[in-house]
Amino acid sequence: AVMAVSPWVVMGRPDSLPAAVLAILANHDVLALAGDSRAAFGGTVREDSEAVVRSRAIGTKGLIVSLTNRRRDAAAIGVPIALLGLTGTIRGVDAWTGQEVVSRAGWLGGTVGAGDTILLEIV
């Protein structure tokens, strides 16, 4: 929903929501990205049986990149920075963890848990 600029609909009483949903709703960094006033739609950069990588413009000149692992085990998921229209050393911050991710050898990414997503705000 963050990458598609779709409205979020949460149904149910707060005390009956799964812990994962509550964690999303409590994450101010993710909510800020979802509510970005630019409201530009994201695009798919890579999609195959192992991963999905999407990017979306935010603010006046920012970018967010989601890297989703479709595998049953944790895996390194990455994207060439050139496919994102970027060059040089790229730094991103994972909105879920606050961890900094730095591009290496022209690639941006990291280890992503099974069925999980890294959501990077390029800084």
Is any side-chain heavy atom of Thr68 less than 4.5 Å from a side-chain heavy atom of Ile77? no
Do Leu63 and Val52 sit in the same hydrophobic cluster, where Ile, Leu, Val, Met, Phe, Trp and Tyr count as joined when their side-chain heavy atoms come under 4.5 Å apart? no
Ser103 and Leu108 have their tightest heavy-atom pair at N-CD1, 3.9 Å
Over all atoms of both residues, closest heavy-atom pair of Trp96 and Leu119: NE1-CB, 3.6 Å
Electrostatic pair Asp15:Arg13 at N-O distance under 4.0 angstrom: yes
Would you say Val93 and Leu120 make side-chain contact, with heavy atoms under 4.5 Å? no
Nearest heavy-atom pair of Arg71 and Ala76: which atoms, and what distance? NH2-O, 4.3 Å
With heavy-atom distances below 4.5 Å as the criterion, would you say the side chains of Glu121 and Ile58 are in contact? yes
How about CG on Asp48, more than 12 heavy atoms from neighbouring residues, nucleotides or ligands closer than 6.0 Å, or not? yes
Kindly give the heavy-atom pair with the smallest separation between Thr111 and Ala74, and that separation in Å. CG2-CB, 4.2 Å
Check Arg70 with Glu50, please: is the shortest side-chain N to carboxylate O separation under 4.0 Å? no
Heavy-atom closest pair, residues Ser55 and Leu84: CB-CD2, 3.9 Å
What about Ile122 and Trp107, same hydrophobic cluster or not, with Ile/Leu/Val/Met/Phe/Trp/Tyr joined at side-chain heavy-atom distances under 4.5 Å? no
Side-chain donor-acceptor pair present, Ser66, Arg54, cut-off under 3.5 Å: no
Is Asn69 close to Thr117 at the side-chain level, that is, under 4.5 Å between some pair of heavy atoms? no
Decide if atom CD of Glu47 counts as having more than 12 heavy atoms of other residues, nucleotides or ligands within a radius under 6.0 Å. yes
Any Val53 side-chain heavy atom under 4.5 Å of Val65 side chain: yes
